[in-house]
Amino acid sequence: MRSRKAHDIDQFKKILKDKGMKATPQRVAVHQAMIELGHASADMVCEFLSKNNPTSITVASVYNILAQMNELGIYKRRFSANNKMYFDINLDKHLHLYDTKYDEYRDIADDKLIELIENHFKGRKFRGYKIDDFDVQIICHSTRRITKD
(Lines give C-alpha, C1' and ligand atoms only; values in the text may rest on other atoms or scores of the structure.)
Protein backbone atom coordinates (compact mmCIF):
# COMPACT_ATOMS: atom_id res chain seq x y z
CA MET A 1 0.00 0.00 0.00
CA ARG A 2 1.32 3.43 -0.99
CA SER A 3 1.83 5.70 2.00
CA ARG A 4 2.79 9.38 2.04
CA LYS A 5 3.19 11.30 5.27
CA ALA A 6 2.35 15.00 5.54
CA HIS A 7 5.24 17.14 4.35
CA ASP A 8 7.36 18.90 6.97
CA ILE A 9 8.38 22.54 6.37
CA ASP A 10 11.67 21.67 4.63
CA GLN A 11 9.95 19.16 2.30
CA PHE A 12 7.22 21.74 1.67
CA LYS A 13 9.76 24.40 0.67
CA LYS A 14 11.56 21.93 -1.62
CA ILE A 15 8.31 20.95 -3.38
CA LEU A 16 7.50 24.60 -3.97
CA LYS A 17 11.00 25.28 -5.31
CA ASP A 18 10.80 22.23 -7.61
CA LYS A 19 7.48 23.58 -8.95
CA GLY A 20 9.02 27.02 -9.57
CA MET A 21 7.10 28.60 -6.70
CA LYS A 22 8.45 30.69 -3.84
CA ALA A 23 8.13 29.63 -0.22
CA THR A 24 6.57 32.93 0.78
CA PRO A 25 6.00 33.71 4.47
CA GLN A 26 2.24 33.35 3.82
CA ARG A 27 2.57 29.90 2.23
CA VAL A 28 4.88 28.70 5.00
CA ALA A 29 2.54 30.09 7.68
CA VAL A 30 -0.47 28.34 6.12
CA HIS A 31 1.45 25.06 5.91
CA GLN A 32 2.56 25.35 9.55
CA ALA A 33 -1.07 25.93 10.53
CA MET A 34 -2.17 22.90 8.52
CA ILE A 35 0.48 20.74 10.20
CA GLU A 36 -1.04 21.73 13.55
CA LEU A 37 -4.69 21.51 12.51
CA GLY A 38 -4.68 18.45 10.23
CA HIS A 39 -8.13 19.12 8.71
CA ALA A 40 -9.11 22.75 8.31
CA SER A 41 -11.13 25.26 6.35
CA ALA A 42 -9.68 28.60 5.26
CA ASP A 43 -11.50 30.28 8.17
CA MET A 44 -9.98 27.84 10.66
CA VAL A 45 -6.47 28.45 9.28
CA CYS A 46 -7.00 32.24 9.52
CA GLU A 47 -8.20 31.93 13.10
CA PHE A 48 -5.19 29.78 13.99
CA LEU A 49 -2.80 32.23 12.31
CA SER A 50 -4.33 35.25 14.04
CA LYS A 51 -3.62 33.61 17.40
CA ASN A 52 -0.25 31.98 16.64
CA ASN A 53 1.54 33.80 13.83
CA PRO A 54 2.42 37.43 13.15
CA THR A 55 2.10 36.95 9.37
CA SER A 56 -0.82 39.03 8.11
CA ILE A 57 -2.97 37.17 5.59
CA THR A 58 -6.56 37.43 4.35
CA VAL A 59 -9.08 34.59 4.23
CA ALA A 60 -9.09 34.85 0.42
CA SER A 61 -5.29 34.45 0.32
CA VAL A 62 -5.45 31.49 2.70
CA TYR A 63 -8.11 29.85 0.51
CA ASN A 64 -6.02 30.46 -2.62
CA ILE A 65 -2.94 28.95 -0.96
CA LEU A 66 -4.94 25.92 0.23
CA ALA A 67 -6.37 25.44 -3.27
CA GLN A 68 -2.87 25.71 -4.81
CA MET A 69 -1.54 23.12 -2.39
CA ASN A 70 -4.43 20.82 -3.29
CA GLU A 71 -3.51 21.16 -6.98
CA LEU A 72 0.12 20.30 -6.13
CA GLY A 73 -0.98 17.19 -4.18
CA ILE A 74 0.28 18.55 -0.86
CA TYR A 75 -3.24 18.63 0.61
CA LYS A 76 -6.50 16.94 -0.29
CA ARG A 77 -9.74 18.87 -0.59
CA ARG A 78 -12.78 17.56 1.30
CA PHE A 79 -16.38 18.66 1.57
CA SER A 80 -18.22 18.27 4.85
CA ALA A 81 -21.81 17.07 5.09
CA ASN A 82 -22.90 20.73 5.19
CA ASN A 83 -20.83 21.38 2.02
CA LYS A 84 -18.10 23.40 3.74
CA MET A 85 -14.67 23.00 2.13
CA TYR A 86 -11.90 21.51 4.24
CA PHE A 87 -8.35 20.55 3.40
CA ASP A 88 -6.56 17.48 4.75
CA ILE A 89 -2.80 17.35 5.24
CA ASN A 90 -2.68 13.61 5.94
CA LEU A 91 -1.62 11.98 2.68
CA ASP A 92 -1.60 8.42 4.03
CA LYS A 93 -4.49 6.29 2.82
CA HIS A 94 -7.11 6.60 5.51
CA LEU A 95 -10.82 6.94 6.21
CA HIS A 96 -12.67 9.76 7.93
CA LEU A 97 -15.25 10.16 10.64
CA TYR A 98 -17.09 13.43 10.08
CA ASP A 99 -18.82 14.70 13.22
CA THR A 100 -21.86 16.73 12.12
CA LYS A 101 -22.42 18.05 15.64
CA TYR A 102 -18.98 19.66 16.01
CA ASP A 103 -18.14 19.96 12.30
CA GLU A 104 -14.88 18.03 12.80
CA TYR A 105 -12.95 15.32 11.01
CA ARG A 106 -11.14 12.43 12.64
CA ASP A 107 -8.78 10.15 10.74
CA ILE A 108 -9.31 6.41 10.88
CA ALA A 109 -6.45 4.11 9.93
CA ASP A 110 -8.02 0.79 8.93
CA ASP A 111 -5.65 -1.01 6.59
CA LYS A 112 -7.92 -4.06 6.32
CA LEU A 113 -10.91 -2.01 5.17
CA ILE A 114 -8.79 0.02 2.75
CA GLU A 115 -7.34 -3.19 1.30
CA LEU A 116 -10.84 -4.65 0.99
CA ILE A 117 -12.07 -1.57 -0.90
CA GLU A 118 -8.99 -1.47 -3.15
CA ASN A 119 -9.31 -5.18 -3.97
CA HIS A 120 -13.03 -4.83 -4.62
CA PHE A 121 -12.44 -2.13 -7.23
CA LYS A 122 -9.17 -3.48 -8.69
CA GLY A 123 -9.75 -4.17 -12.34
CA ARG A 124 -13.37 -2.99 -12.22
CA LYS A 125 -14.43 -0.93 -15.16
CA PHE A 126 -17.06 1.75 -15.25
CA ARG A 127 -17.91 2.66 -18.80
CA GLY A 128 -16.42 6.05 -19.59
CA TYR A 129 -14.58 6.36 -16.25
CA LYS A 130 -11.24 5.48 -14.74
CA ILE A 131 -10.94 5.21 -10.94
CA ASP A 132 -8.26 7.56 -9.63
CA ASP A 133 -8.75 7.08 -5.92
CA PHE A 134 -11.44 6.55 -3.32
CA ASP A 135 -12.54 8.57 -0.34
CA VAL A 136 -14.57 7.09 2.49
CA GLN A 137 -16.28 9.46 4.88
CA ILE A 138 -18.39 8.08 7.71
CA ILE A 139 -20.91 10.70 8.76
CA CYS A 140 -21.74 10.59 12.45
CA HIS A 141 -22.57 12.80 15.40
CA SER A 142 -20.72 13.07 18.66
CA THR A 143 -22.08 11.60 21.84
CA ARG A 144 -19.61 13.63 23.89
CA ARG A 145 -21.15 15.94 26.43
CA ILE A 146 -19.70 19.35 26.96
CA THR A 147 -19.33 20.24 30.60
CA LYS A 148 -18.98 23.79 31.83
CA ASP A 149 -16.37 24.58 34.45
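All figures in this text were calculated on a predicted structure; none of them were measured in a lab.
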Query raised in the report: Between L16 and A23, what is the shortest heavy-atom contact and its length?
Result: CD1-CA, 3.8 Å
Query raised in the report: Under a 4.0 Å N-O cut-off, is there an ion pair linking D135 with R78?
Result: yes
Query raised in the report: Roughly how far, to the nearest 0.5 Å, is the CG atom of D107 from the CG atom of N90?
Result: 4.5 Å
**Report entry** Charged N-O contact under 4.0 Å between R77 and E71
**Finding:** yes
Report task. Look at the aromatic rings of Y105 and H96 and report parallel, tilted or perpendicular, splitting at 30° and 60°. Result -> perpendicular
Query raised in the report: So, are K14 and D18 salt-bridged, with charged N and O less than 4.0 Å apart?
Result: yes
Report task. Please report the shortest heavy-atom distance between V45 and A33, naming the atom on each side. Result -> CG1-CB, 3.9 Å
Report summary line: When I114, D111, D110 are each screened for side chain to side chain contact (heavy atoms under 4.5 Å, CB included) with K93, the one that passes is I114
Report summary line: What one should report as the nearest heavy-atom pair of L72 and M21 is CD1-SD, 3.6 Å
**Report entry** L66 and M85, any side-chain heavy atoms less than 4.5 Å apart
**Finding:** no
Query raised in the report: Any ion pair linking K122 and E118 (charged N to carboxylate O, less than 4.0 Å)?
Result: no
Query raised in the report: How about H39 and Y86: are their ring centroids closer than 6.0 Å?
Result: no
Query raised in the report: For the ring pair F12 and H7, is the centre-to-centre distance below 6.0 Å?
Result: no
Report summary line: With sequence neighbours left out, the residues meeting ring pair (Phe, Tyr, Trp, His ring centres under 6.0 Å) with F87 are none
**Report entry** Output field: ring centroids H141/Y102 closer than 6.0 Å
**Finding:** no
Would you be so kind as to tabulate the donor-acceptor pairs closer than 3.5 Å made by side chains of residues 56-63, with sequence neighbours excluded?
from : atom 1 : to  : atom 2 : distance (Å)
T58  : OG1    : S61 : N      : 3.0
T58  : OG1    : S61 : OG     : 3.0

